[in-house]
Amino acid sequence: MPEGPNRQAGGTVTNEVVPAPAYHRTDRPRPDEAPVTDAPVRVRFCPAPSGVLHVGSVRAALYNWLHARHHGGTFVFRIEDTDAARATEESMRSMIEALSWVGLDWDEGPDPADPLGAERGDHGPYRQSSRLELYTAVGRRLEEAGHLYRDFRTAEELEAWRASARAGGGDGPPVVKASGFRHSDDEVARFTAEGRPASLRLATPETGHVVVDDLVRGEVRFDWEQISDPVLVRSDGSATYPLANSVDDVAQGISLICRGEDLLSVTPRQLLIHDLLVRDGLLDAALDEVGLPARDPAWGAPSSFAHLPMVVGMDRKKLSKRHGSVAIQEFARQGFLPATLRNYLALLGWSHPDGRERLNDDELIAAFDVSGVGRSAAAFDVDKLTAFNGERIRELDPAELSTLLVPFLDGTYGDRLLDDPPTEPQLAVVGGLVPLVQERMQRLDEVQGYAPPFLTAEVALDEASVAKVFTKPGAVAAIEAARRVLADVDWTVEAIEAALRTLPEELSSGFGKVAQPIRVAVTGSSVSPPLFESIELLDREVVLARLDAALPVARAHAPEG
RNA sequence: GGCCCCGUCGUCCAGCGGUCCAGGACUCCGCCCUUUCAAGGCGGCAACGCCGGUUCGAACCCGGUCGGGGCUACCA
């Protein structure tokens, strides 16, 4: 049981590397001897810009953001585009836009207003493609210090070796170790002279084990003999993820690495790299060499890890297009509020100590603690998200909701029902619509189902509604009576209601029987916002015209006799 | 195959040896309210994967088993 001085509120922070015979030095300080307690809280979100940002990534970003805000720390947004073949600017732009939309603001990283250009923060650049020199310098220094070895094997050779090893040809599992992979000095000299390309592998310890003390998983032990020596520098000279990611985490003073569980098994080698980077000031020298900002003296190597459980679909399978909207932008166009996403996603793996679920940012930030995160995979449930969203919409200030609704009516998302730009009267109608629809919407895009009768002169009578309502006795009479009383009533909700309330008695009927035909005639459907308010929102001429237009239809559907 | 992680209602969580014939939220169902649809109120269905062990006592501890997932790339 590792017991070091490295304790921090919220969890044990001892990442012990034991023993370390294969990494050479014995006079170095043990990693757990370095006090890390007063290092400032700095966390990062560092997606690889290929594809779109999905809810799993956003939840990871959210947890990092919450951790930073809770501790008054710094949230860094870094772009990991070391794989030139996969990274695209389109994806990068989209991810920056998505994270901004969700409302997770970062303190250092690309400028959302100028995604491909400006950056903010003193420890950049924040795009790895702009730090290649650093990785090269670090790679060279690591090699000079004897931590790396050259591998001249081609991809085909490696593949063949793996295939046979896996086939159980007596070689055991396919673990790459220096003991079996390091070329002899002669070979190295010869291959180098021939100009054969070589990748650089990190020589990990051949024996012993590492204990990763994870804030969510507890202590996880790995035996070094099971861990392959990772390629740090590709044969074309470019850095791989383990190198670039580790270098940047140390160079940017990241204190807690909080990421997906899929990276848990890769943590041992990163611990080793962090250690090598910090030791003897190797990284500091490289930083200085390439002219990048020096590290803050208060920073240590990342001292805490938190590996978050995966987010899966309702079928427990990996999140995919089949699970609805994968790209975060899709949530925007469907009318989800960013605050809903933040609230819901926070609860996917974590819960407030007192059990409350509807939480605003302040409450989230105040209560969030990574070590309280659960360990099992969580299914993303759109129904619950939707329910949360409906509640939030109801809490919105009407004026704000009115503004939020416009993009769903001006053609930004969905059909265009407003002029460009919207006219004052149109905006007034939208504003008038808000009280009628606010409590019956779960998503903003649902306004598209309510708005047409109020924004277009003509109304199309819904076939099913006509068949259901106009075929009942009394429909024609109700419409005729409504037409008569509405012709000269005061155009206020109260007067309209008072007038229509007299109809049931006159027609010896129930109000429901009278109201439905009128509703269909005026709104086109048997399902609509409240009748009196709907009528009032429309102009008298429009209402009367619609009643007139509906009359022949109602007559045509009227029952015999 | 090897290494690692995970396993409470359909779903997300609570539970951290007795107060649990397991609690909240979403979904679903019923009732109330009601001019439709909603909203709101009330009520209901529904789970500790399995087998052993420890213990006076286990959802909680231990072992095994089964099931799910991750990694096993010169992707990240």
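All chains are named by letter (A, B, ...) in the order of the sequence lines, taking the proteins before the strands, and each is independently numbered beginning at 1. Computed from a prediction, not measured in an experiment: that's the story for all the values here.
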Nearest listed nucleotide, side chain of Q226(A), among rG40(B), rC74(B), rC3(B) = rC3(B)
Give none if rC42(B) has no partner; otherwise give the nucleotide forming a Watson-Crick or G-U wobble pair with it, both distances under 3.5 Å.
-> rG30(B)
In whole angstrom, give me the gap between the P atoms of rC29(B) and rU35(B).
-> 23 Å
So what does R375(A) touch, heavy atoms closer than 4.0 Å: a base, only the sugar-phosphate, or nothing?
-> sugar-phosphate
Checking all strands, does V266(A) fall into the base, sugar-phosphate, or nothing category for heavy-atom contacts under 4.0 angstrom?
-> base
For nucleotides rG68(B) and rU8(B), find the distance between their P atoms and express it as a whole number of Å.
-> 15 Å
Between atom CD in Q442(A) and atom P in rU27(B), what is the gap in whole Å?
-> 7 Å
Could you please name the option among rC4(B), rG69(B), rU11(B) that lies closest to any side-chain atom of K317(A)?
-> rG69(B)
For T386(A), report the nucleic acid contact type (base, sugar-phosphate, nothing); a contact means any heavy atom under 4.0 Å.
-> nothing
With the side chain of V527(A) defined as its heavy atoms from C-beta on, choose the nearest nucleotide among rG70(B), rU36(B), rC75(B).
-> rU36(B)
May I ask you to evaluate whether R356(A) reaches the phosphate of rG24(B), defined as a side-chain N or O under 4.0 Å from OP1 or OP2?
-> no
Any side-chain N or O of R234(A) less than 4.0 Å from the OP1 or OP2 oxygen of rA76(B)?
-> yes
Base, sugar-phosphate, or nothing: which does L348(A) touch, judged by heavy atoms less than 4.0 Å apart?
-> sugar-phosphate
Which part of the nucleic acid, if any, lies within reach of R358(A) when heavy atoms closer than 4.0 Å are counted: base, sugar-phosphate only, or nothing?
-> sugar-phosphate
Tell me which nucleotide among rC4(B), rC37(B), rC26(B) gets nearest to the side chain of V220(A).
-> rC4(B)
What does P530(A) touch in the nucleic acid at a heavy-atom separation under 4.0 angstrom: a base, only the sugar-phosphate, or nothing?
-> base
Between rU27(B) and rU19(B), how far is it from one P atom to the other, in whole Å?
-> 31 Å
Are any of R201(A)'s side-chain N or O atoms less than 4.0 Å away from OP1 or OP2 of rC74(B)?
-> yes
note: K177(A), atom NZ; rG2(B), atom P; distance rounded to Å ~ 19 Å
With the side chain defined as heavy atoms from C-beta on, L264(A) is closest, among rA38(B), rC4(B), rC12(B), to rC4(B)
Taking atom P of rC75(B) as reference, at what distance in whole Å does atom CG of N245(A) sit?
-> 15 Å
Pick base, sugar-phosphate or nothing for I227(A), based on heavy-atom distances below 4.0 Å to the nucleic acid.
-> nothing
Side-chain donor/acceptor contact of R217(A) with base of rC5(B) under 3.5 Å = no
Rounded to whole Å, CD of E391(A) lies from P of rC26(B) at a distance of 6 Å
Between rC13(B), rA25(B), rU36(B), spot the one nearest the side chain of Q516(A), thanks.
-> rU36(B)
Round to the nearest Å and state the distance from L215(A) atom CG to rC5(B) atom C1'.
-> 16 Å
Taking for each residue the nucleotide of RNA chain B bearing the nearest heavy atom, is the 5' side occupied by F152(A) or by F388(A)?
-> F388(A)
Are OP1 or OP2 of rG24(B) and a side-chain N or O of S351(A) less than 4.0 angstrom apart?
-> no
Can you label the angle between the H352(A) ring and the W350(A) ring as parallel, tilted or perpendicular, going by 30° and 60°?
-> perpendicular
What is the nucleic acid contact for S376(A), judged by heavy atoms within less than 4.0 Å: base, sugar-phosphate only, or nothing?
-> sugar-phosphate
Nucleotide nearest D83(A) when distance is taken to its side chain, options rA14(B), rG70(B), rC75(B) | rC75(B)
Would you mind reading off the distance between D315(A) atom CG and rG69(B) atom C1', rounded to a whole angstrom?
-> 13 Å
If the plane angle is over 60° it's perpendicular, under 30° parallel, otherwise tilted; pick one for Y63(A) and F368(A).
-> tilted
Looking at every strand, decide which applies to P230(A) at a 4.0 Å heavy-atom threshold: base, sugar-phosphate, or nothing.
-> nothing
For the side chain of T240(A), starting at C-beta, report the closest nucleotide among rC26(B), rA76(B), rA38(B).
-> rA76(B)
Proximity to the side chain of P174(A) - top-ranked nucleotide from rU35(B), rG1(B), rC74(B) | rG1(B)
At under 4.0 Å between heavy atoms, what does R269(A) touch on the DNA or RNA strands: base, sugar-phosphate, or nothing?
-> base
Nearest of rU36(B), rU11(B), rA25(B) to any side-chain atom of K384(A)?
-> rA25(B)
Within the structure, does a side-chain N or O atom of R394(A) lie under 4.0 Å from either OP1 or OP2 of rG40(B)?
-> yes
Could you tell me whether F532(A) contacts a base, only the sugar-phosphate backbone, or nothing, with contacts defined as non-hydrogen atoms closer than 4.0 Å?
-> base
Can a donor-acceptor pair under 3.5 Å be found between the side-chain atoms of E439(A) and the base atoms of rG40(B)?
-> no
Lys/Arg N to Asp/Glu carboxylate O, R358(A) vs E363(A), below 4.0 Å | no
Mutual orientation of the aromatic rings belonging to H183(A) and F152(A) [parallel < 30°, tilted 30-60°, perpendicular > 60°] | perpendicular
Can you tell me, in whole Å, how much space there is between the P of rG30(B) and that of rC20(B)?
-> 31 Å
On a plain distance test, is the side chain of S235(A) in donor-acceptor contact with the base of rC74(B) below 3.5 Å?
-> yes
Does the distance from a Lys or Arg side-chain N to an Asp or Glu carboxylate O, for D315(A) and K317(A), drop under 4.0 Å?
-> no
Partner of rC48(B) by Watson-Crick or G-U wobble geometry, both contacts under 3.5 Å, or none?
-> none
Step by step, would you call M441(A) with L405(A) a side-chain contact (heavy atoms from CB on, under 4.5 Å)?
-> CA-CA 11 Å; M441(A) 284 199 303; L405(A) 254 20; 4.1 Å; yes
Taking a pair as Watson-Crick or G-U wobble with both distances under 3.5 Å, which nucleotide is matched to rG67(B)?
-> rC6(B)
Does a nitrogen or oxygen in the side chain of R519(A) sit under 4.0 Å from OP1 or OP2 of rC37(B)?
-> no
Side-chain contact, heavy-atom cut-off 4.5 Å: V210(A) with R221(A)?
-> no
For the pair Y344(A) and F388(A), name the ring-plane relationship: parallel under 30°, tilted 30 to 60°, perpendicular over 60°.
-> perpendicular
Please examine the side chains of C258(A) and V370(A), heavy atoms only from C-beta on, and report whether any two atoms are closer than 4.5 Å.
-> yes
Quick one: label R150(A) by what it contacts on the DNA or RNA (base, sugar-phosphate, nothing), any heavy atom closer than 4.0 Å.
-> nothing
Starting from P on rC74(B), measure out to CD on E157(A) and report it in whole angstrom.
-> 13 Å
Name the nucleic acid region contacted by G260(A), choosing base, sugar-phosphate or nothing; use a 4.0 angstrom heavy-atom cut-off, strictly under.
-> nothing
Please work out if A155(A) contacts a base, only the sugar-phosphate, or nothing of the nucleic acid, heavy-atom cut-off 4.0 Å.
-> nothing
May I ask you to verify if any side-chain N or O of R259(A) is less than 4.0 angstrom from the OP1 or OP2 atom of rA76(B)?
-> no
Can you check the L436(A) CG to rU36(B) C1' distance for me, whole Å?
-> 14 Å
Above 12 or not: heavy atoms from other molecules or residues under 6.0 Å from CZ of R234(A)?
-> yes
On RNA chain B, check which nucleotide each of G355(A) and Y344(A) is closest to and give me the residue with the more 5' one.
-> Y344(A)
